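Read the structure below first, then the notes.
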Amino acid sequence: MEYILIIIGAVLVNNFVLVKFLGICPFLGVSKSTENSLGMGFAVIFVMSLASLITFIIYHAVLVPLDLIYLKTIVFILVIASLVQIVEMAIKKFSPSLYAALGVYLPLITTNCAVLGVALLNVDGGVALPIDNVLKAFINGAASGVGFTVAIVLLSAIRERLARADVPVCFRGFPITLVAASIMAMAFAAFSGMIS
Amino acid sequence: MDITAVLSASLLLLALGALFSALIGFLSTKFTVERDSRLDEIESLLSGANCGTCGYAGCQAFAEAVYQGKAKVTDCPSTSPNNKRRINEIMGINESVGEKTYAIVHCNGGNACRDKYDYQGYGDCRTAEMLAGGRKKCYTGCIGLATCVDKCPYFAIEVGENGYAEVKRPSCTSCGLCISNCPKSIIGRIRASARVYCACSNHNKGKEVRDVCPKGCIACGVCAKVCPEGAITMVDNLPLFDYDKCTACMLCVEKCPTKVIKEIKD
């Protein structure tokens with residue numbers, strides 16, 4: 001039950017993009033077509049789950065015993081950046097087709113604040129439910145990535161329609177996209193309070 | 001201050017950094033993907049402007065397209081012919097790459113051209129163009145608000161004190177961004193070997209041109225008459241040069257009454 005609550009909480013209630021407003025840059029930058037945003041979404045799921053797994057382990061195995069909790073931000077950045085690099089190299093070697101699909105987006109996520117955010121919130125207890133073991137951290141990371149994917153795919157579908165709509169000149173491009181994103185955020189705000 | 005805390009913190013970061021860099025270094029040798037060295041060579045021979053005129057995302061993407069045979073090197077306007085020839089050699093393609101060209105501004109009105117209104121405030125040529133077709137009375141007069149200057153990735157065009165845009169030859173690669181962004185469409189390409197050009201784009205008759213700009217071409221046709229090679233024809237009230245015939249005798253430059261035909265000096 002707890003795991004299901006974590007998943008629902010991360011995907012809908014505390015959606016990273018639309019409720020916490022993290023990772024807005026790729027959310028607006030890569031949402032022009034559904035195909036690309038799906039690629040980005042899967043890359044984010046991938047990196048977020050791996051990052052929350054590794055950072056959780058490092059936090060509890062290294063930082064807490066050494067009493068260096070205040071270093072968590074810089075350590076997590078280091079870990080995530082190296083991790084993405086390694087993963088990128090591995091994908092390039094073993095699955096060129098996956099690399100071609102994710103390739104552009106993987107380096108983009110290296111310093112994404114949503115990835116750092118999920119790692120920090122996992123250990124800070126900033127999530128609605130206490131994250132007290134590695135599996136929960138991993139699930140929370142993956143579900144947060146799914147939440148990001150849901151948000152970006154929805155927005156890309158809206159933007160594909162907007163591209164054909166007769167938008168007033170002053171609203172064309174990013175202004176109308178931001179309006180759409182804010183309405184989406186209001187819709188997601190309806191979930192707030194479901195899990196306290 | 002507790003020195004051990006400082007030491008342990010920096011040692012931890014050092015250790016983590018060393019660990020990860022060693023890991024990445026090791027894995028990068030292990031996971032290297034063989035890349036055809038020709039691809040790197042092609043990329044290094046391209047102009048590197050990432051101007052996007054070829055229709056690809058950048059010079060790297062274009063290099064890959066050339067390598068895969070999806071694109072021709074001539075699709076890139078900004079790489080020099082020498083480098084294009086070398087890329088064709090690398091790829092084993094036997095094709096002409098064309099003569100080097102430069103961008104050129106067909107207007108020398110600027111401050112001399114009369115104003116329709118006084119334009120103050122924010123904007124560039126394109127916004128000025130929306131306001132009754134720009135501030136100049138001449139419908140092809142250079143507005144001088146430097147849209148081309150903003151667009152040029154090489155800083156190869158500038159609006160001088162005369163008030164019209166001029167191309168600086170050494171830096172220009174003929175990528176065409178100024179050409180496609182000029183709202184007046186008065187920038188064009190010209191062969192590097194061409195020695196004369198007409199610095200006016202106004203197709204109106206002499207009197208109408210004279211009314212708006214003292215420097216414009218009045219379509220008198222003297223240049224066409226004096227040219228010993230017959231390289232100039234008057235088309236729609238402007239001289240048209242046939243550079244295959246031109247011998248750079250400069251007679252047209254001398255005889256032009258408004259001095260709108262100019263010699264090109266490198």
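Naming convention: chains lettered A, B, ... in sequence-line order (proteins, then strands); numbering from 1 in each chain. Keep in mind that the numbers below use all heavy atoms, side chains included, and drop hydrogens, waters and symmetry copies. Since this is a predicted model, take the numbers as computed values, not measurements.
Proximity of A:V79 to B:F20: side-chain heavy atoms (C-beta onward) are separated by under 4.5 Å at one or more points. With contacts defined as side-chain heavy-atom distances shorter than 4.5 Å, the pair B:L27/A:Q85 does not qualify.
For residues 124-136 of chain B, the pairs satisfying salt bridge (charged side-chain N to carboxylate O under 4.0 Å, His left out) are B:D115-B:K136, B:D124-B:R126, B:E129-B:K184, with sequence neighbours left out.
Between B:A5 and A:L68, the shortest heavy-atom contact is O-CD2, 4.5 Å. The minimum heavy-atom distance linking A:L71 with B:A9 is given by the pair CD1-CB, 3.6 Å.
With a 6.0 Å radius and a threshold of 12 heavy atoms from other residues, nucleotides or ligands, A:Y70 has its OH atom above the threshold. By the neighbour-count criterion of 12 heavy atoms within 6.0 Å, atom CZ of B:F26 is sparsely surrounded, having that number or fewer from other residues, nucleotides or ligands. No more than 12 heavy atoms of other residues, nucleotides or ligands sit less than 6.0 Å from atom CD1 of A:I74.
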Validation: residues 57-72 of chain B side-chain donor-acceptor distances under 3.5 Å, sequence neighbours left out:
| unit_1 | atom_1 | unit_2 | atom_2 | d |
| --- | --- | --- | --- | --- |
| B:Y67 | OH | B:D36 | OD2 | 2.8 |
| B:Q68 | OE1 | B:K70 | NZ | 3.1 |

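For residues 170-190 of chain A, a heavy-atom distance under 4.5 Å to chain B picks out no residue at all. Residues of residues 155-165 of chain A lying under 4.5 angstrom from chain B, judged on non-hydrogen atoms, do not exist here.
For a residue to count as touching a neighbouring chain, one of its non-hydrogen atoms must lie under 4.5 Å from one of that chain's; by this rule B:L16 touches chain A with backbone and side chain alike. Looking at A:L83, there are no atoms closer than 4.5 Å to chain B (heavy atoms on both sides), in backbone or side chain. Interface remark: A:A90 contributes backbone and side-chain atoms alike to the contact with chain B (heavy atom separation under 4.5 Å).
Between chain A and the residues B:L13, B:I24, B:L19, B:L23, the largest count of heavy-atom pairs under 4.5 Å involves B:I24.
Note that CE of A:M89 and NZ of B:K30 are 12.5 Å apart. Values are rounded to the nearest 0.5 Å.
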